[in-house]
Amino acid sequence: MTSDSTFNVRRRRLLGAGAGLGALAALPGGGAWAAGSDKPEKEEVRVGFIPLTDCASVVMASVLGFDKKYGIKIVLSKEASWPGVRDKLVNGELDAAHVLYGLVYGVHLGVGGAKTDMAVLMNLNHNGQAITLSRKVAEKGGVDGASLAKLMRTDKREYSFAQTFPTGTHAMWLYYWLASYGINPLQDAKVITVPPPQMVANMRIGNMDGFCVGEPWNHRAIVDGVGITAATTQEIWKDHPEKVLGTTAEWVKKYPNTARALTAAVLEAGRWIDASLSNKNKMAQTIADKSYVNTSVDVINQRILGRYQNGLGKTWDDPNYMKFYNDGLVNFPYLSDGMWFLTQQKRWGLLKAEPDYLAVATAINRIDVYRDAAAMAKVSVPKSPLRSVTMLDGTVWDGKNPQAYAASFKIKA
């Protein structure tokens, strides 16, 4: 249990170990670094990304030259799969990457990859993923969570759903959504792993009944006539964390000034994207190129502007579309966000033992680096490392009692 009093006690204990929240708050903002210079130790920084709309701030930091402002050059590396990103981060081929939040946490704990101490420098975006169901499922009446659950009860067969990485965000959104409608993803369905850019092609040939992935691939499924949008992930958790700027703890230790410079550059790019409609459109035109996402501009720009359709005639304007900055609220690496992924990894049996939720999140989410980068970029920082949210099923997550929260679900592994 992590009540307010317990949280404060543990906060002081971690502070004594030099990793606590109080220590983070006490760091100087924008002054000289401990080493006496803020010059990046490594001027060329190799940053990986997967072809998804939410790689945009990493790409635009390079394209628009925000990296140069902070004394570094971002060298972008387009990757084919999340396991590939994981392996290149761990073996040092990549310095950092646009990466799934839950992947970083899993690798840190030795789940979904060789155990390696990892680091989250910042959050890259909120919202903007979706759950797509195949046209065949939709034609039989499965168009949302409730109707899918009814279809699976009446039209019994093996149903297959795809996510992008076992400990990743899309797996957790998919499982949470299915379970909210009484479907146990581990017992009532077959779950497979498919790289994001391959989702639509695999649905086209009948390899899955549904998938959870980032944009633009949900909208692309509609445009290609193979799928419909059953739910957006912002319906599961409004303003949820998604991709992060991730690296290894060793890299941050070796190149602290570079880590700060990289974070500040990407922060500025996120702020630029969210600043205007024209900036969003320019971003869409840029990342649609074959060097990045490799799709048409209209497949990207509709949903980043909040213009949604479900593929069945319904259209709506969603105020909780994908955001890259939102006055800095997007980018702060809240400890409660990281702990939420741990609770879900425990819920679904990916973690066998109960982790020390707060200690793990404090070690991975480098609020110290983020605070200094935010000061460099003149970005405000939230006062608390925890935030509260009401989920799709009505449960409240605030990070204060993660063990009880993880154990509270009726449907679990």
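Bear in mind that the values here come from a model prediction, so they are computed numbers and not experimental data. Computation of the quantities below employed the complete heavy-atom set of this structure, encompassing side-chain atoms and omitting hydrogens, waters and symmetry-equivalent molecules.
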Applying ring-ring contact (aromatic ring centres under 6.0 Å, His included), name anything that partners Phe341, two or more places apart in sequence or on another chain.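 Listed in chain order: Tyr101, Trp173.
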Whether [X] side chain and [Y] backbone form a donor-acceptor pair below 3.5 Å:
X: Thr286; Y: Ala284; result: no
X: Asn326; Y: Leu329; result: no
X: Asp209; Y: Ser160; result: yes
X: Ser180; Y: Asp393; result: no
X: Asn207; Y: Met203; result: no
X: Asn125; Y: Asn127; result: yes
X: Lys238; Y: Glu235; result: no
X: Arg366; Y: Ala259; result: no
X: Glu242; Y: Gly214; result: no

Between [Y] and [X], is there a side-chain heavy-atom distance shorter than 4.5 Å?
X: Gln403; Y: Glu354; value: yes
X: Leu351; Y: Tyr105; value: no
X: Asp117; Y: Thr248; value: no

About how many Å separate [atom2] of [Y] and [atom1] of [X], when rounded to the nearest 0.5 Å?
X: Lys243; Y: Asn123; atom1: NZ; atom2: CG; answer: 10.0 Å
X: Lys290; Y: Lys78; atom1: NZ; atom2: NZ; answer: 9.5 Å
X: Arg220; Y: Ile300; atom1: CZ; atom2: CD1; answer: 10.0 Å
X: Thr233; Y: Asn320; atom1: OG1; atom2: CG; answer: 10.0 Å

Taking the basic N atoms (NZ, or NE/NH1/NH2) and the acidic carboxylate oxygens, is any pair closer than 4.0 Å for Arg387 and Asp239?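 Salt bridge: no.
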Salt-bridge test for Asp224 and Arg204: reply yes if a basic N is under 4.0 Å from a carboxylate O, no otherwise.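 A salt bridge is present here (some side-chain N lies under 4.0 Å from a carboxylate O).
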Could you report the tightest heavy-atom contact between Leu386 and Ser336, atom names first, then the distance?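 In terms of heavy atoms, the two residues are closest at CA-OG, 3.5 Å.
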Does atom CD (Glu250) have a neighbourhood of more than 12 heavy atoms from anything else shown, all under 6.0 Å?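 Not buried by this count: 12 neighbours or fewer within 6.0 Å.
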Take atom NZ of Lys115 as the centre, draw a 6.0 Å sphere, and report whether it contains more than 12 heavy atoms from other residues, nucleotides or ligands.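 Enclosed.
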Honestly, is [X] close enough over [Y], meaning NZ or CZ under 6.0 Å from the six-membered ring centre and within 45° of the axis?
X: Lys68; Y: Phe66; value: no
X: Lys346; Y: Trp348; value: no
X: Arg347; Y: Tyr176; value: yes

Does Phe211 have its ring centroid less than 6.0 Å away from the ring centroid of Phe161?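 When the ring centroids of Phe211 and Phe161 are compared, they turn out to be at least 6.0 Å apart.
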Could you go through residues 188-196 and list every donor-acceptor pair under 3.5 Å that involves a side-chain atom there, pairing it with any protein atom two or more places apart or in another chain?
from: Asp188; atom 1: OD2; to: Asn184; atom 2: N; distance (Å): 2.8
from: Thr193; atom 1: OG1; to: Gln163; atom 2: NE2; distance (Å): 3.0

Determine all donor-acceptor pairs shorter than 3.5 Å in which one atom belongs to a side chain in residues 43-52; sequence neighbours excluded.
from: Glu43; atom 1: OE2; to: Lys39; atom 2: NZ; distance (Å): 2.9
from: Arg46; atom 1: NH2; to: Ser77; atom 2: OG; distance (Å): 3.4

Residue pairs fulfilling side chain to side chain donor-acceptor pair (under 3.5 Å) with at least one residue in residues 273-282, sequence neighbours excluded: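 Matches after skipping sequence neighbours: Ser276-Ser278, Ser276-Asn279.
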Throw together a table of side-chain donor-acceptor distances under 3.5 angstrom for residues 81-88, partners on residues two or more places apart or in other chains.
from: Ser81; atom 1: OG; to: Gly84; atom 2: N; distance (Å): 3.2
from: Arg86; atom 1: NH1; to: Gly112; atom 2: O; distance (Å): 2.8
from: Lys88; atom 1: NZ; to: Glu79; atom 2: OE1; distance (Å): 2.9

For [X] and [Y], which I'm curious about, is there any donor-acceptor pair between the side chains at under 3.5 Å?
X: Thr132; Y: Asn218; answer: yes
X: Gln129; Y: His170; answer: yes
X: Asn401; Y: Tyr357; answer: no
X: Thr53; Y: Arg303; answer: no
X: Thr315; Y: Gln309; answer: no
X: Gln234; Y: Asp318; answer: yes

What verdict does the side-chain contact (heavy atoms from CB on, under 4.5 Å) test give for Tyr321 and Lys323, after you've listed the backbone C-alpha separation in whole Å, the side-chain angles of each residue and the deciding distance to 0.1 Å? CA-CA 6 Å; Tyr321 52 83; Lys323 295 174 183 176; 4.0 Å; yes
Test side-chain hydrogen bond (donor to acceptor under 3.5 Å, both in side chains) on His98 and Asp54 and set out the steps. CA-CA 8 Å; His98 151 259; Asp54 51 31; 2.7 Å; yes
Please determine whether side-chain contact (heavy atoms from CB on, under 4.5 Å) holds for the pair Ile304 and Met283, giving the CA-CA distance in whole Å, both sets of side-chain angles, and the decisive distance to 0.1 Å. CA-CA 10 Å; Ile304 63 165; Met283 176 271 279; 3.6 Å; yes
Tabulate below the donor-acceptor pairs under 3.5 Å that side-chain atoms of residues 404-413 make, not counting sequence neighbours, or state none.
from: Tyr405; atom 1: OH; to: Trp340; atom 2: NE1; distance (Å): 3.1
from: Ser408; atom 1: OG; to: Tyr405; atom 2: O; distance (Å): 2.7
from: Lys412; atom 1: NZ; to: Ala407; atom 2: O; distance (Å): 3.1

